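The structure under discussion appears below in the form of structure tokens.
Every heavy atom of this structure was used, including side-chain atoms; hydrogens, water molecules and symmetry mates were not. Model, not experiment: these values are computed from the prediction. Lettering of chains follows the sequences in order, A, B, ..., and the numbering in each one begins at 1.
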Amino acid sequence: GIQVEQSPPDLILQEGANSTLRCNFSDSVNNLQWFHQNPWGQLINLFYIPSGTKQNGRLSATTVATERYSLLYISSSQTTDSGVYFCAVEAQSGGGADGLTFGKGTHLIIQP
Amino acid sequence: KAGVTQTPRYLIKTRGQQVTLSCSPISGHRSVSWYQQTPGQGLQFLFEYFSETQRNKGNFPGRFSGRQFSNSRSEMNVSTLELGDSALYLCASLAGYSDTDTQYFGPGTRLTVL
């Protein structure tokens, strides 16, 4: 099946800093989503972005489908941005049969 | 519009018992997917239901089963619980008509098997 690698696995930053999280995937995708998992375990949708660029406030994401990677940018970090960020994809070849395949996540800690 | 709801939020069971978890999708959504999250294996796809039919299935043993009702609410059942079944179980709601749907997740059910 499709492989998803996220980097870095851990990231500690000071409040106000900017960060870039990366997601590499091994096959063509028709679905790519970024999620933030809050301390209670809920996955919060950030972006649906199988290709192109999107922005939402301090967050933006870019997916270069031809090169099989996606980037999540967080600017002017706040302590509430702390948590685990997941990239999840659905392979084109699967025809929707495999559900979302998740990376292992990036654990982000923003220190005041 | 109400979000995805899951019940119960927390559950403690003992080995050998069975458990049933419930998920109500967003109104108008006809597909529900289930995922298991553990520290060792991460987030893994269990199965997906659309219009009361299992459409897709992940690589889990037959002890894990599910169903969907006519109102799109879904239940998943785990029989003969093992310690390794301790996990956060998440369900996702999607419209279900396209394989490019955005998936919206519920708050999860945290299952502990003793």
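Considering CG of Leu90(B) and CZ of Phe102(A), their distance stands at 8.0 Å, rounded to 0.5 Å.
Using a 4.5 Å cut-off on side-chain heavy atoms (C-beta onward), Asn45(A) and Tyr104(B) make contact. Put simply, the side chain of Phe105(B) does not reach to within 4.5 Å of the side chain of Gln33(A), judged on heavy atoms. Considering only heavy atoms from C-beta on, Gln37(A) comes within 4.5 Å of Leu88(B) through its side chain. In this structure, the side chains of Leu100(A) and Tyr35(B) come closer than 4.5 Å at one or more pairs of heavy atoms.
With sequence neighbours excluded, the residues that form a ring pair (Phe, Tyr, Trp, His ring centres under 6.0 Å) with Phe60(B) are Phe64(B).
Under the 4.5 Å side-chain heavy-atom criterion for Ile, Leu, Val, Met, Phe, Trp and Tyr, Leu11(A) and Trp34(A) are members of the same hydrophobic cluster. Hydrophobic clustering keeps Leu21(A) apart from Val84(A) (ILVMFWY residues linked when any side-chain heavy atoms are closer than 4.5 Å, directly or through intermediates). Hydrophobic clustering keeps Ile110(A) apart from Tyr73(A) (ILVMFWY residues linked when any side-chain heavy atoms are closer than 4.5 Å, directly or through intermediates). Tyr49(B) and Tyr89(B) fall within a single hydrophobic cluster, where Ile, Leu, Val, Met, Phe, Trp and Tyr are joined by side-chain heavy atoms under 4.5 Å apart, directly or via other members.
Asn31(A) places no side-chain N or O within 3.5 Å of a backbone atom of Thr102(B) that could act as its donor or acceptor partner.
Shortest non-hydrogen contact noted between Arg9(B) and Trp40(A) is NH2-O, 4.4 Å.
Of the atoms belonging to Gln37(B), it is side-chain heavy atoms, and not backbone ones, that fall under 4.5 Å from chain A.
In the displayed structure, Asn71(B) atom CG is contacted under 6.0 Å by more than 12 heavy atoms of other residues, nucleotides or ligands.
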